[in-house]
Amino acid sequence: MNTRSIAQPLKANKVRESTKISQLLGLTSYTPRLPIAWLALASLIFLAALSIYVVANYYDTRRDIMASIDAQLINAATSANVMVGKGYHSSLDSITAAEFKQKSHALTELANALNVEYVYTMVLKAPNVHFTASSYTREDLKLKRLTRYQDIYSEASVTLKSAFHSTEPVFEVAKDKWGHFKSVFIPFVLPDGTTYIAGADITIHDLESRLNESVIDAAVDASFFFIMFLVVVSLYFMYYKKTLTSDNRTGFGNRIALEQALKHSKSQHLCLSVVWVKELEDIISFYGTEVGDNVMAKVMSYFSEFTHPFEVYRLTTSKIALVTSIENSEHYLANLTESFPCAKPIYDAPHLYVNLCAGVAKGNCALLLENAFLALRQAQQQNIQICYFDSQLQINPQQQSKNLHLTRLLQSACESDRIIPFFTPRKACHDHNNIQYQCSARILNERGAIIDAEHFYPVMKQPKLRAQISMKLLELCVTRFRKSNHAWSIQLSHAEIADPEYFEYISQILRRYPQPQLITFEFDESDVLKNFSDMNLMMQSLKAKGANVAVSGVNSGFLTINRILKLPLDAICLEKSICEQLSDDEMLMSSVAYLADHCNTRRIDLIVPCVTTSRQAKQLEEAGVARLEGSWVGKASGHL
């Protein structure tokens, strides 16, 4: 099926404003704040959780180390008591030097085996504490500071002395001439009631080295998780940046990538063209997004061969951007667009054709994209293929002034009731007495001169203003036709019919109108296609109230006609320029005949406007057209 237009191409919609992208956390100037803010929040939560985990893990490890050291000291002291034996302390007065030496040597081997600094036994002979047995170290041997039997421990602390009266092990951290230790004192009681203590020491240096190992382990764990976090975040940023700057449907760069390239371009002046693929929205609505994306990929691949080393970017669904150096000039990009093979199918199975429209700009990179969009909008409004930004600047101030003047005139006309209806007759081909009148508004200026609709409709951008004019026109037409049997039609927009207040006004008119079946509400094809589901419901509601509905300005070919015919329509009015090409285009005539046959099958009237000659009227009548409109039938007038 050929998707090429049977008349002039559709006018494009307004260019959508781009989403503002702001820089945050130093990623790029195109990173949106919201995802980065969430990522920053997640990072803070992760780091806080990691810190809590590391601190908790450190204290758990420290507690385990301290518990292990306490158990080691208790084990050493208990083993020392077993090795010395209770009988040793039962006969302290008969202990010889050799026996003391043998016990000291045995305790030294025990201390070395259990990895503690000292193990010993003591007794309390008030007010002094005496060694009864003690291990020694190599340093003690070297310095000749060995403990002798019954030596007084002059540095005994209150804690040590209180251990003789305790019933459980007592721990202490203290310094003496032998060093800085953590000690345990375990009391034992002989049958005769005598108490002695078995003790063990470990150096604070050894204790701190074990705790430092736990700190290092905690730091290693924290570093591991932090490095993994940095890796994950880096991968996320890389993926996120790639996602932001590429169109995943075609694989080409998107608007963000283009803005980034323009910002970081080595050359401050470039040429840029924004190209609009006219038929793409129709292709997507008929065949789906996959076919539409494939069409765009082929169009972009075609241009990428000519713009190298510059890339091709997809800006919106149907718009792409071409970039080249200032040396190639803007005419190079214009020639690329003009030489695009529109006569050849860009896509096979089905064969699809596309036509292009472009706005070209050159100059400073900061304003390049915006200027190209303005040029494209001008090309769409003037229905031309190429528009240069420079030429637009010459007419833009005048057009703006004219638009401002017309807008003020419309507001004044609404307030002063200077809106009058004009009626354009539509004659049935097979019953010349069956005439329908198409109603349109005219404006009287301050001097009483009539301003045609084609002059002020282009500036009716404000929905409320257009609704006021349309509501006033509807009121005048109802007053004019209420007591007659004439059929008449009036054109509405989606914005008007979607306004609850305006729709209720129409509903009241249809309830009071004697013959609502004589009223037809027309909607522009482009308006219907943009709001298809909503318009379908509105049309059904109007038909349920007794009115007829029609679609006017149909010119996009059979691709959208099949979709239009699914609506609950009573009539279809073709685009005005079709009759101008009937004499020279046999294919167009056969297309109209084919469409008329489809409409007649569904009992839909096909209306052709702008019929100027009897020859055209005869051709259209033979093709099966239901109604004709134009100067051959009758011009628009303020009277019937």
Side-chain angles (χ1 to χ4, degrees), residues 5-11 421-431 434-441 453-454 457 470 473 477 486-494 496-497 518-530 532 535 538-539 542-543 547-558 560-582 588-589 591-612 616-617 619-621 623-636:
S5 176
I6 64 172
Q8 292 182 359
L10 284 172
K11 292 184 178 180
F422 263 50
F423 311 103
T424 303
R426 291 173 174 172
K427 184 173 64 175
C429 288
H430 302 289
D431 184 1
N434 184 0
I435 296 178
Q436 180 193 58
Y437 293 95
Q438 200 275 331
C439 304
S440 57
E454 59 190 29
Y457 270 166
S470 179
L473 177 63
C477 291
H486 293 300
W488 54 281
S489 69
I490 183 173
Q491 188 167 16
L492 302 177
S493 66
H494 171 263
E496 295 164 356
I497 201 70
L518 297 179
I519 302 177
T520 299
F521 293 100
E522 298 182 11
F523 302 94
D524 187 77
E525 182 197 39
S526 60
D527 211 13
V528 171
L529 292 176
K530 284 190 299 182
F532 189 82
M535 291 300 301
M538 293 295 183
M539 289 179 178
L542 290 174
K543 287 183 68 67
N548 298 322
V549 291
V551 174
S552 61
V554 175
N555 69 345
S556 58
F558 296 112
T560 53
I561 281 295
N562 288 331
R563 193 179 183 196
I564 290 295
L565 290 175
K566 295 178 181 179
L567 296 170
L569 298 178
D570 297 288
I572 290 178
C573 183
L574 297 182
E575 209 272 339
K576 294 182 178 181
S577 62
I578 287 180
C579 275
E580 299 175 1
Q581 308 173 37
L582 282 178
L588 178 59
M589 191 67 231
S591 299
V592 173
Y594 180 78
L595 178 58
D597 181 61
H598 274 267
C599 291
N600 292 332
T601 301
R602 292 171 170 80
R603 296 183 178 180
I604 298 174
D605 289 344
L606 181 62
I607 305 171
V608 178
C610 295
V611 179
T612 58
Q616 291 177 344
Q619 286 179 308
L620 295 170
E621 185 175 349
V625 173
R627 288 184 181 274
L628 303 178
E629 174 191 326
S631 58
W632 182 79
V633 178
K635 296 183 178 180

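Numbering starts at 1 and runs along the sequence shown.
Among Ile564, Leu565, Ile604, the one residue that satisfies the side-chain contact (heavy atoms from CB on, under 4.5 Å) test with Val551 is Ile564.
Put simply, CD on Gln491 and CG on Asp524 are 6.0 Å apart, with the number rounded to the nearest 0.5 Å. Rounded to the nearest 0.5 Å, atoms CD (Glu525) and CE (Met535) are 12.0 Å apart. One finds the OG1 atom of Thr520 at 10.0 Å from the CD atom of Gln438 (value rounded to the nearest 0.5 Å). Rounding to the nearest 0.5 angstrom, the gap separating the CZ atom in Phe422 from the CG atom in Leu473 is 11.5 Å. Rounding to the nearest 0.5 Å places NZ of Lys530 at 9.5 Å from NE2 of His494. A distance of 12.0 Å separates CD of Glu496 from CE of Met538, quoted to the nearest 0.5 Å.
Proximity of a side-chain donor or acceptor of Asp570 to a complementary backbone N or O of Val549 within less than 3.5 Å is detected. Of the possible polar contacts, none joining the Arg426 side chain to the Arg627 backbone as a donor-acceptor pair under 3.5 Å is found. Judged by distance alone, with hydrogens and angles left aside, the side-chain atoms of Asn600 form a donor-acceptor pair with the main-chain N or O of Ala596 at under 3.5 Å.
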Test side chain to side chain contact (heavy atoms under 4.5 Å, CB included) on Phe521 and Ile497 and set out the steps. CA-CA 10 Å; Phe521 293 100; Ile497 201 70; over 6 Å; no
With side chain to side chain contact (heavy atoms under 4.5 Å, CB included) as the test, would you mind laying out the steps for Val625 and Leu574 before giving the verdict? CA-CA 11 Å; Val625 173; Leu574 297 182; over 6 Å; no
Yes or no on side chain to side chain contact (heavy atoms under 4.5 Å, CB included) for Leu620 and Leu606, after CA distance, side-chain angles and deciding distance? CA-CA 10 Å; Leu620 295 170; Leu606 181 62; over 6 Å; no
Side chain to side chain contact (heavy atoms under 4.5 Å, CB included) between Phe423 and His486, intermediate numbers included: CA-CA 11 Å; Phe423 311 103; His486 293 300; over 6 Å; no
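A pairwise comparison of heavy atoms in Trp632 and Thr612 identifies CB-C, 3.8 Å as the closest pair. Of all the heavy atoms in Val633 and Pro425, the pair that sits closest is CG1-O, 3.8 Å. Nearest heavy-atom pair, Phe523 versus Met539, reported as atom, atom and distance to 0.1 Å: CD1-CE, 3.8 Å.
Using a 4.5 Å heavy-atom cutoff, the side chains of Gln436 and Ile607 are in contact.
Shown here is Lys543, whose NZ atom has more than 12 heavy atoms of other residues, nucleotides or ligands within 6.0 Å.
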